[in-house]
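Input: a single structure, listed below in structure tokens.
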Protein chains: 2
Amino acid sequence: MSDVAATGISVLLVDDHPIVRQGYRRVLESQGDLHVVAEADNAADAYSAFKAHDPDVVVLDISMPGASGLEAIRNIRARSPRARILVFTMHNEAVLVKAAFGAGASGFVTKSSEPSAVVNAIRSVARGERAMSDDIAHILAEDSLSPTGSVLDQLGEREIEILRQFAGGATTEEIATHLNLSVKTVQNYHYLIKTKTGARTDAQLVRLAATCGLTKI
Amino acid sequence: MSDVAATGISVLLVDDHPIVRQGYRRVLESQGDLHVVAEADNAADAYSAFKAHDPDVVVLDISMPGASGLEAIRNIRARSPRARILVFTMHNEAVLVKAAFGAGASGFVTKSSEPSAVVNAIRSVARGERAMSDDIAHILAEDSLSPTGSVLDQLGEREIEILRQFAGGATTEEIATHLNLSVKTVQNYHYLIKTKTGARTDAQLVRLAATCGLTKI
DNA sequence: TTGCAGCTCGGGCAAATTTCCCAAGCCGGA
DNA sequence: TCCGGCTTGGGAAATTTGCCCGAGCTGCAA
């Protein structure tokens, strides 16, 4: 990590698609000061690659739906709190952004950003600054103005877990079994989640979970 | 299009994320024989870029859930039936693959493929051959062995319409009103669709509709 | 032409689920 | 300590599902 200005910025690239990784690698290395020292295609490998290479910045581009992205952030930060992690994803839900920063990310950039914005974000993060793309800033700004907050953060941990499993296609009984709860309790959560989120339909619930990155489709 | 061997292969890149596009561009151009002559980030632009540049191959990487990807394929093929289109996406549903080929795609490669597989697919498609990545071939093979066929084409027109509205978040009553049907009829369709598709849950139904491009999320 | 097959539309009725309302234990903060 | 929020579930009415049924229509094929 030492002298960034002199040695350039070492980057660990995490993305589950090989070609995408190769593409990013070329874009980043064409900048001169950015060097991709390792790649990974899943959370576990990302963690071991981080331990092995101690990069200045981790660019995390996993599809994110599962909590695996957040877990990867937490794992890395738990090991080395000075790690700089830039989340780079196509998702732009306020909840997800907040969750990422809460888990310890230093930056959040969407794929719709210009390449220059991305490399600048990497440099900012490497300097220890917080970074986010314009669209993310707007989304967070909107979110902070809305009195309701952002749909999902009005849900408790248990509610989120049940919503995730439900949106994943599990039946009420299956969820009850998984979580060792009474069917009645799961039914009540189901109802509670619907009223809290304002979803009138199971389908709306699934869409909500999907747009929030709670589940992938 | 003329002499591919001598002039190389001209490529139109369609993807909604600029950095992803730039990454692909670099990967492709490093091959020597592949030249990215234009880029587009949506279906409409893809069509006009195609008209303007008449590329040998269109590499189409839109996120695809919406039908816009299929429409882009149909539009381009309608204008010039000899167009070669290689779909390049993270989705790997058999229905989607079939739909893409049905719409006139020449190839289908997933993002989990190796970069070499992708560039080889582009070359194959440019030669007029059909191309698909190994995982897609397996998925189609599996699908062809399943007696059920491809999930959605066992549904009637009305069933598909009701599934679309349902997955879009409409209640049973709303659907009945929209289509001027009895609530009971819609309920019966709902049930029928579930049994036909094998979905045990409304959530699974929504996911099915989404992966089939019936609804976007 | 007849007849079969499949789609569309809905009734009926028991079983299951959802919808609300309520209560109790637990825990963290004021 | 007390309040508020999370978690866990019971109860009962209302609604929906699951499944079976019939009827009208269309197209296709014998």
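Just so you know, these numbers use all the heavy atoms, side chains as well, and skip hydrogens, waters and symmetry mates. No experiment lies behind these values; they were computed from the predicted model shown. Reminder, nothing fancy here: chain letters follow the sequence lines and each chain counts from 1.
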Check your understanding: So does Glu161(B) pair up with Arg158(B), basic N to acidic O under 4.0 Å?
Key -> no
Point to revise | Pair Lys111(A) + Asp135(A), salt bridge at N-O below 4.0 Å | key: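 The answer is no: the pair does not qualify as a salt bridge.
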Do [X] and [Y] touch side chain to side chain, with heavy atoms closer than 4.5 Å?
{"X": "Gln204(A)", "Y": "Thr197(A)", "answer": "no"}
{"X": "Asp202(A)", "Y": "Phe166(A)", "answer": "yes"}
{"X": "Asn42(A)", "Y": "Asp16(A)", "answer": "no"}

Exercise for review: Check every strand shown and say whether Glu173(B) touches a base, only sugar-phosphate, or nothing at a heavy-atom separation below 4.0 Å.
Suggested key: sugar-phosphate
Nearest-Å distance, [atom1] ([X]) to [atom2] ([N])?
{"X": "Ile193(B)", "N": "dT17(D)", "atom1": "CD1", "atom2": "P", "result": "12 Å"}
{"X": "Gln187(A)", "N": "dC21(C)", "atom1": "CD", "atom2": "P", "result": "17 Å"}
{"X": "Leu163(B)", "N": "dC7(C)", "atom1": "CG", "atom2": "P", "result": "15 Å"}
{"X": "Lys196(B)", "N": "dT8(C)", "atom1": "NZ", "atom2": "C1'", "result": "11 Å"}
{"X": "Glu161(B)", "N": "dT8(C)", "atom1": "CD", "atom2": "C1'", "result": "14 Å"}
{"X": "Tyr191(A)", "N": "dC22(C)", "atom1": "OH", "atom2": "C1'", "result": "12 Å"}
{"X": "Arg200(B)", "N": "dT17(C)", "atom1": "CZ", "atom2": "C1'", "result": "16 Å"}

Check your understanding: Taking only residues two or more places apart in sequence, or in another chain, which ones meet Tyr189(A) in a ring-ring contact (aromatic ring centres under 6.0 Å, His included)?
Key ->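 ring-ring contact (aromatic ring centres under 6.0 Å, His included) check on Tyr189(A) returns nothing, list empty.
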Exercise for review: Using five pairs at either end of the helix from dT1(C)-dA30(D) to dA30(C)-dT1(D), determine the angle between the two local helix axes and round it to 10 degrees.
Suggested key: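 The angle separating the two end axes equals 30°.
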For [X], side chain to side chain donor-acceptor pair (under 3.5 Å) partners two or more places apart:
{"X": "Asn188(B)", "answer": "none"}
{"X": "Glu129(B)", "answer": "Arg127(B)"}
{"X": "His178(A)", "answer": "Gln165(A)"}

Practice item. Report, as a single string ordered 5' to 3', how protein heavy atoms within less than 4.0 Å touch nucleotides 7-12 of chain D: B base, S sugar-phosphate only, - not at all. Key: SBBBBB
Practice item. Ignoring backbone atoms, test whether Lys194(A) places a side-chain nitrogen or oxygen under 4.0 Å from the OP1 or OP2 oxygen of dT18(C). Key: no
Practice item. Please check the phosphate of dT17(D) (OP1 and OP2 only) for any side-chain N or O of His190(B) closer than 4.0 Å. Key: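 Yes, such a contact exists.
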